[in-house]
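A note on names: the letters A, B, ... follow the listed sequences, proteins ahead of strands, and every chain is numbered from 1.
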Protein chains: 2
Amino acid sequence: MQSDDAKTRRREIPEASLRRLPIYYRFLQKMAVDGVVRVSCADLARGLGLDPTQVRKDIEMTGIVGKPRFGYPLVHLIGWLENFLGWNRAKSAVLAGAGSLGSALLGYEKFRKHGMEIMAVFDIDGAKIGQRIHGKEVQPLGFLPDFVRRTHTLLGLIATPADAAQSVADLMVTGGIRAIWNFAPAHIRVPERIILQNEDLYHSLASLSFKLERQLGAPPFESEISYAKDH
Amino acid sequence: MQSDDAKTRRREIPEASLRRLPIYYRFLQKMAVDGVVRVSCADLARGLGLDPTQVRKDIEMTGIVGKPRFGYPLVHLIGWLENFLGWNRAKSAVLAGAGSLGSALLGYEKFRKHGMEIMAVFDIDGAKIGQRIHGKEVQPLGFLPDFVRRTHTLLGLIATPADAAQSVADLMVTGGIRAIWNFAPAHIRVPERIILQNEDLYHSLASLSFKLERQLGAPPFESEISYAKDH
DNA sequence: TGCATATCGAGAAACTTATATCGAGATGTT
DNA sequence: AACATCTCGATATAAGTTTCTCGATATGCA
Ligand SMILES: NC(=O)c1ccc[n+]([C@@H]2O[C@H](COP(=O)([O-])OP(=O)(O)OC[C@H]3O[C@@H](n4cnc5c(N)ncnc54)[C@H](O)[C@@H]3O)[C@@H](O)[C@H]2O)c1
Ligand SMILES: NC(=O)c1ccc[n+]([C@@H]2O[C@H](COP(=O)([O-])OP(=O)(O)OC[C@H]3O[C@@H](n4cnc5c(N)ncnc54)[C@H](O)[C@@H]3O)[C@@H](O)[C@H]2O)c1
């Protein structure tokens, strides 16, 4: 009841909840295939091995209203989530970097079913420019800003080497992109208004590696020996 | 000061901090190349555009001790982080799924510099088995558990279609794997003791898509119309 | 029709993470 | 040598997230 009105407040879904929605969404789709017609949060929690309260909170956050003792009509919940996430509305995207990762992304059919369509690919490698990858002709990187501007593309994917990521991001911003999905392991800086999602494998690797070592019992600390001589 | 002794307590680094360490690590390496010999948390924060307090907290969490008015010797901090994350100790891994993503992962040289080496690849596709990808011969999936058992492999990477992810994970667990890095968009379930890291693109896509739509002003709510007729 | 119960929805509490503040000590400077 | 300043390290506060609890209500069953 702060300064927000109800409509604004409703949208404040935690990032963590947001990232869990696809898990529910996929499970619901599997249920639909199996012919199920209604579902409760408890069903979801059981099926996925998650905490029922958390599932309820997450679903509730999307603003859907359910019926006590009933739950939600399955197809309605699926549609609701698609709409909530924007997965039923096509958003165009451009890709920078037509290497092995870029090609894989370009060939990833399922993105289209989730509201994202890669419309064009850009690279700086002269050998790649002009080639077709999954039906798209690779264009010179320099064409990117103008393409974005002309087509009002919202989303830019970066799959270049880390060194180039910042400059490519700048180029996208210049063109008027609204959001960037960065697959290069680089900490890039963009204006406040730009939505940035980093898909940095090393974040995960650090977490995984640390936990693994800890579980193995290797003490990664108390080797303070080398410090003294550094000074 | 609960039930933990100091040694245990020290290790309780927040997941969020852990995932930020690679950002600092890379920036430090860049500084080292530039010939810098000492660094403060404030330097890091400035260089990366992050909050200085957060950087200090994160670095402090690793247990390194700095000197007031000095900071940390650069190479010492780099080495400290490598040691903390286990990136200076080789861990072997196996990969399931030799498709486009699997191949990309297999060819990703830099993993080795971060403590991970993919020792073997497994697939079920008869056409792929026996082929060499980036120098590794693709083996039948059935050989995986035995390979893991014999070589005491710690880490398993899943790059199969989502349908197969759970069964592949089970196979890895059977073989005695300790941690799983899952690239398939599937919610897999593993025993408590297994460390699981999901690299699910749809988590990010959901977040990105939602934020983008919200910024564009499209109200993803208040279409409660269709609900009534479902009942 | 009335009752037991599953389920939602909301609020409270506990926990985690992020941000702000401050004292102490080391450094470089005058 | 004294002082101003920078930086760590620790503590405190705030914000965010998860977990717990409970009442209300629609449903299925007796
Ligand atoms: N290969 C993997 O498994 C993998 C996984 C996760 C992340 N990544 C990251 O994704 C990025 C790409 O990886 P990759 O394996 O596809 O590398 P790659 O070398 O196969 O492809 C990089 C492509 O980017 C192009 N490029 C270089 N500079 C460019 C620029 N300024 N603008 C546009 N294009 C440019 C190159 O010509 C090349 O085609 C890297 O940052 C890598 O760290 C790779
Ligand atoms: N292509 C991408 O850009 C991309 C990005 C992120 C995540 N992913 C995910 O990664 C996974 C692999 O994607 P991909 O593009 O490499 O697919 P792909 O079809 O190119 O490769 C899948 C491989 O897995 C093998 N496989 C199938 N069942 C198997 C099993 N039970 N055990 C072992 N191997 C099995 C197949 O033979 C094939 O070689 C998918 O789940 C996909 O959703 C793909």
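- Nucleotide D/dC8 holds its P atom 15 Å from the CE atom of B/M61, rounded to whole Å.
- Using a 4.5 Å heavy-atom cutoff, the side chains of A/L208 and B/M116 are not in contact.
- Taken residue by residue, residues 191-209 of chain B places no heavy atom nearer than 4.0 Å to DNA chain C.
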task: Assess whether ring-ring contact (aromatic ring centres under 6.0 Å, His included) is satisfied between B/Y202 and A/H114, documenting all intermediate values.
output: CA-CA 9 Å; B/Y202 293 102; A/H114 294 81; 4.5 Å; yes
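- If you measure from atom CG of A/D51 to atom P of D/dT18, you get 10 Å, rounded to the nearest angstrom.
- Using a distance-only test at 3.5 Å, with no hydrogens or angles considered, no donor-acceptor pair links the side chain of B/Q197 to the main chain of A/L205.
- Taking the salt bridge (charged side-chain N to carboxylate O under 4.0 Å, His left out) definition, one finds that A/R20 meets it with A/D58, sequence neighbours left out.
- Relative ring orientation between A/W80 and A/H76 is described as tilted, the plane-to-plane angle lying within the 30° to 60° band.
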- request: Evaluate the ring-ring contact (aromatic ring centres under 6.0 Å, His included) criterion for residues B/Y25 and B/W87: first the C-alpha distance (whole Å), next the side-chain angles of each, then the deciding distance (0.1 Å), finally the verdict.
  value: CA-CA 11 Å; B/Y25 177 78; B/W87 282 0; 5.3 Å; yes
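- Judged by distance alone, the side chains of B/S207 and B/K211 do bring a donor and an acceptor atom under 3.5 Å apart.
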query: Which letter, B, S or -, goes with each nucleotide of nucleotides 6-17 of chain C from 5' to 3', with contact meaning a protein heavy atom under 4.0 Å?
result: BBBBBB-----S
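- For the salt bridge (Lys or Arg N to Asp or Glu O under 4.0 Å) criterion with B/E117, the lone passing option out of B/R112, B/K91, B/R89 is B/R112.
- A/L18 has its CG atom 15 Å from the P atom of D/dG16, to the nearest Å.
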